[in-house]
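Only one structure is covered here, and it is reproduced in the block below.
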Amino acid sequence: MNQSIKNRLNNLYHWMMDQYGPQGWWPLLDINKCDQHGTNPTFTGVLTGYHIKNYTYPKTENQRFEICTGAILTQNTAWTNVEHALLNLYNADILSPEKILTASENKLKKLIQPAGYFNRKTIYLKNMAHFFITLNGKTPSREDILTCKGVGNETADSILLYAYREPEFIIDTYTKRILTHLKLCSANADYLTLKEMFQNSFKPDIVLYQEYHALLVELAKRHFSKKPYTFKIDAIN
DNA sequence: AACCAGGACGTGA
DNA sequence: TCACGTCATGGT
């Protein structure tokens with residue numbers, strides 16, 4: 001591994017942390033902030049920031065499943081849309097693997113409709129629910145999760161890093177876009193190559209991996225959303 | 001009014 | 001292996 005790549009990735013992390021601070025991912029429903037009817041909880045983060053500097057989540061199996069659900073729902077979809085779908089599931093009281101599994105497909109489709117791709121994601125969610133139940137609390141291997149139809153590289157790593165707190169670095173389109181722009185990789189670099197680039201540059205570190213990915217998303221949303229990408233980061237070059 | 005959003009899968013070459 | 005079409009809603 002090229003030492004300069006390692007240095008630049010490290011500089012990028014600290015630059016983003018300086019600019020944006022800890023992100024406190026993964027966003028979770030805050031059921032302590034429901035309305036007077038006990039429904040419509042807010043997300044940890046909509047107003048007050050996510051669970052910043054608290055790296056003990058998920059605290060329950062339901063929160064763990066909520067992360068798995070969100071990881072599928074957010075595929076190629078804006079998170080705000082996913083929030084609506086998750087709220088629908090929560091308010092319908094079926095945001096658990098057992099209830100997702102037994103719910104009718106039509107009911108599920110209607111509830112997750114705002115997240116888009118609802119025909120596919122309904123199937124994916126039921127697959128995930130079944131898989132989750134068979135795990136019986138155990139941490140799945142990356143290989144095992146990938147056998148789940150609807151779970152590709154990024155979703156698998158998101159679930160492992162944020163739901164199971166395993167040190168698996170996530171590569172998403174933002175990450176690849178930023179690395180390409182910084183000339184740290186070619187435009188056709190594949191997922192595992194980029195994942196290894198990060199994991200060869202940093203020791204396994206859940207906090208670092210979680211924050212790094214969240215910070216890349218924040219950076220991309222601010223400066224790598226609309227073409228042409230002209231944003232320059234002096235500290236990196 | 002196009003374009004994009006925290007992708008994955010099936011197909012054909 | 002790999003490029004390409006498909007899936008769907010909501011915000012800018």
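First the proteins, then the strands, lettered A, B, ... as listed; each starts at 1. No experiment lies behind these values; they were computed from the predicted model shown.
Between the C1' atom of B/dG7 and the NZ atom of A/Lys149 lies a distance of 16 Å, rounded to the nearest Å. Rounded to a whole Å, the CG atom of A/Leu108 is 13 Å from the P atom of C/dA8. Remark: P of B/dG7 and CE of A/Met128 are 16 Å apart, rounded to the nearest angstrom. One can place CD1 of A/Ile123 at 16 Å from C1' of B/dG10, the figure rounded to the nearest angstrom. Here the P atom of nucleotide B/dC9 and the CG atom of A/Asn153 are 9 Å apart, to the nearest Å. Rounded to whole Å, atom P of C/dC7 lies 13 Å from atom NZ of A/Lys109. Here B/dA5 presents its P atom at 13 Å from CG of A/Leu219, a figure rounded to the nearest Å. Regarding A/Glu154, its CD atom lies at a distance of 12 Å from the P atom of B/dA5, rounded to whole Å.
With respect to A/Asp157 and A/Arg142, a salt bridge is recorded, a charged nitrogen being found less than 4.0 Å from a carboxylate O. Salt bridge status for A/Lys221 with A/Glu218: absent, with no side-chain N to carboxylate O gap under 4.0 Å.
Here A/Thr173 lies in heavy-atom contact (under 4.0 Å) with sugar-phosphate atoms only. Across all strands shown, A/Lys121 has no heavy atoms under 4.0 Å from either base or sugar-phosphate atoms. Within the nucleic acid shown, A/Thr155 comes within 4.0 Å of sugar-phosphate atoms alone, with no base atom in reach, counting heavy atoms only.
Among B/dA8, B/dC4, B/dA5, the nucleotide with an atom closest to any side-chain atom of A/Asn76 is B/dA5. For A/Ser225, counting side-chain heavy atoms from C-beta on, the closest listed nucleotide (B/dG7, C/dT9, B/dA5) is B/dA5. Comparing C/dA8, B/dC9, B/dA5 by their nearest atom to the side chain of A/Arg177 picks out B/dA5. Among the nucleotides B/dG10, B/dA8, B/dC4, the one closest to any side-chain atom of A/Arg120 is B/dA8.
Toward the 5′ end of DNA chain C lies the nearest nucleotide of A/Asn188, the other residue of the pair A/Thr77 and A/Asn188 mapping further downstream. Nearest-nucleotide mapping onto DNA chain B: of A/Asp172 and A/Leu146, the residue sitting toward the 5' end is A/Asp172.
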Under 3.5 Å, which protein N or O atoms sit close to an N or O of nucleotides 10-12 of chain C? Give each pair with its distance.
residue	atom	partner	partner atom	Å
C/dG10	O4'	A/Asn81	OD1	3.4
C/dG10	O4'	A/Asn81	ND2	3.1

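Cation-pi contact between A/Lys121 and A/Phe118: absent, since separation from the ring centre below 6.0 Å together with deviation from the ring axis within 45° is not met.
Rounded to whole Å, the C1' atom of B/dA5 lies 22 Å from the corresponding atom of C/dA3. When the P atom is used for both B/dG10 and C/dA8, the distance is 14 Å, rounded to whole Å.
Relative ring orientation between A/Phe65 and A/Phe132 is described as perpendicular, the plane-to-plane angle rising above 60° on a 0-90° scale split at 30° and 60°. Aromatic ring pairs are classed by plane angle as parallel below 30°, tilted from 30° to 60° and perpendicular above 60°; the pair A/Trp25 and A/His213 is perpendicular.
Between the side chains of A/Lys195 and A/Gln199, at least one donor N or O lies within less than 3.5 Å of an accepting N or O.
A centroid separation of 6.0 Å or more is found between the aromatic rings of A/Tyr124 and A/Tyr117.
Two different hydrophobic clusters hold A/Leu146 and A/Phe169 under the rule that ILVMFWY side chains link at heavy-atom gaps under 4.5 Å.
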